[in-house]
Amino acid sequence: NAGVTQTPKFQVLKTGQSMTLQCAQDMNHNSMYWYRQDPGMGLRLIYYSASEGTTDKGEVPNGYNVSRLNKREFSLRLESAAPSQTSVYFCASSEVVDTQYFGPGTRLTVL
Amino acid sequence: GQQLNQSPQSMFIQEGEDVSMNCTSSSIFNTWLWYKQDPGEGPVLLIALYKAGELTSNGRLTAQFGITRKDSFLNISASIPSDVGIYFCAGQLSNQFYFGTGTSLTVIP
């Protein structure tokens with residue numbers, strides 16, 4: 001039972017490049033989330049998906065898009081990366097609006 | 001967004017001492033959660049609280065959901081070296097979770 005998995009673990013991009021962060025969960029949870037974590041700021045919600053086929057903006061959605069591909073997978077896309085998007089990105093899943101289980105994170109640097 | 005004020009920001013304690021940290025908000029939450037994050041890892045859930053006034057324990061950890069639903073505290077008794085890490089509170093409201101800025105705990109053997 002892997003829980004929540006994320007790929008890649010590390011990524012370096014140049015300004016303007018695009019990339020997709022992948023997330024998958026094997027706990028059959030309905031809800032999935034994408035957060036970014038910056039020093040001294042805790043975790044901030046980018047987008048979430050309450051159920052398969054739905055997505056909603058969180059606190060800091062600008063510059064990102066998401067896709068809930070199926071119940072297991074929720075991807076985050078940066079269309080044109082900016083240095084301000086340098087951060088650690090965490091995916092999480094939960095059953096309805098209960099507790100959340102986090103993946104190991106993707107460390108992204110945008111030069 | 002919702003503001004969660006978590007204090008203290010950091011703590012340096014001797015092994016065996018008890019630890020207390022808290023979280024306050026200007027908003028009412030339906031659920032309060034406490035997480036621990038080790039370096040290079042994602043947060044791991046420690047305790048979840050679902051009702052105002054609820055007091056819940058998990059081993060040496062005890063947490064309470066404040067009566068006003070705007071605050072929560074976490075106590076760790078008899079700290080050990082593996083308690084080192086960053087502790088986050090989180091409040092849940094309308095499908096979203098809002099996190100505090102974390103308390104960094106260092107345990108000196």
Side-chain angles (χ1 to χ4, degrees), chain A residues 2-10 21 23-25 27 29-51 54-62 68 74 87-108, chain B residues 1-10 21-51 54 56 58 61 63 65 69 72 74 85-104:
Chain A
V4 180
T5 56
Q6 291 182 238
T7 56
K9 284 189 170 29
F10 301 92
L21 282 64
C23 174
Q25 53 95 5
M27 295 175 281
H29 286 164
N30 283 306
S31 300
M32 297 186 74
Y33 308 79
W34 276 106
Y35 292 88
R36 59 179 290 173
Q37 185 176 33
D38 302 299
M41 299 195 72
L43 288 93
R44 291 181 294 167
L45 183 65
I46 304 171
Y47 270 94
Y48 68 99
S49 171
S51 61
T54 68
T55 61
D56 286 285
K57 295 179 180 179
E59 191 180 350
V60 288
N62 291 344
R68 183 75 183 266
F74 189 37
S87 189
V88 182
Y89 291 85
F90 287 100
C91 177
S93 72
S94 72
E95 186 52 37
V96 196
V97 286
D98 200 279
T99 54
Q100 289 186 315
Y101 298 88
F102 285 83
T106 294
R107 282 140 190 85
L108 175 66
Chain B
Q2 305 290 341
Q3 295 276 348
L4 267 67
N5 300 306
Q6 188 172 346
S7 64
Q9 275 192 316
S10 61
M21 59 191 78
N22 68 78
C23 220
T24 60
S25 170
S26 57
S27 301
I28 290 173
F29 288 113
N30 296 328
T31 304
W32 278 96
L33 307 163
W34 285 92
Y35 289 86
K36 178 176 183 261
Q37 185 176 28
D38 293 324
E41 304 288 333
V44 173
L45 181 67
L46 298 173
I47 290 183
L49 302 154
Y50 302 103
K51 293 190 297 189
E54 179 181 352
T56 297
N58 179 8
L61 277 60
F65 192 143
R69 294 169 63 192
S72 178
L74 174 72
I86 301 179
Y87 292 78
F88 290 98
C89 62
Q92 175 266 317
L93 185 66
S94 301
N95 266 343
Q96 296 197 29
F97 293 80
Y98 301 89
F99 283 78
T101 51
T103 295
S104 175

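Chain A is the first sequence line, chain B the second, and so forth, proteins listed ahead of strands; every chain is numbered from 1. Just so it is clear, the structure is predicted and the values come from calculations on it, not from any experiment.
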Partners passing salt bridge (charged side-chain N to carboxylate O under 4.0 Å, His left out) against A/Arg107 (at least two apart in sequence or in another chain) = none
Considering only heavy atoms and a distance below 4.5 Å, find which of A/Ala92, A/Gly103, A/Gly42 pairs most often with chain B.
-> A/Gly42
Can you see which heavy atom on A/Tyr48 is nearest to which on B/Gln96, and at what distance?
-> CE2-NE2, 3.4 Å
Between chain A and each of B/Gly40, B/Gly102, B/Ser104, count heavy-atom pairs under 4.5 Å; write down the option with the most.
-> B/Gly40
Report the C-alpha separation of B/Tyr35 and A/Phe102 in whole Å, then their side-chain angles, then the decisive distance to 0.1 Å, and conclude whether the ring-ring contact (aromatic ring centres under 6.0 Å, His included) test is met.
-> CA-CA 10 Å; B/Tyr35 289 86; A/Phe102 285 83; 5.4 Å; yes
All heavy atoms of A/Gln100 vs all of B/Leu45, minimum pair found to be O-CB, 4.3 Å
Report the residues that fulfil salt bridge (charged side-chain N to carboxylate O under 4.0 Å, His left out) with A/Asp38, sequence neighbours left out, ordered by chain and then residue number.
-> A/Arg36, A/Arg44
Please look at A/Leu43 and chain B and tell me whether the side chain, the backbone, both or neither of the residue comes under 4.5 angstrom of a heavy atom of that chain.
-> both
In terms of heavy-atom proximity below 4.5 Å to chain A, should B/Gln9 be classed as side chain, backbone, both, or neither?
-> neither
A/Gln37 versus chain B, the contacting section by heavy-atom distance below 4.5 Å = side chain
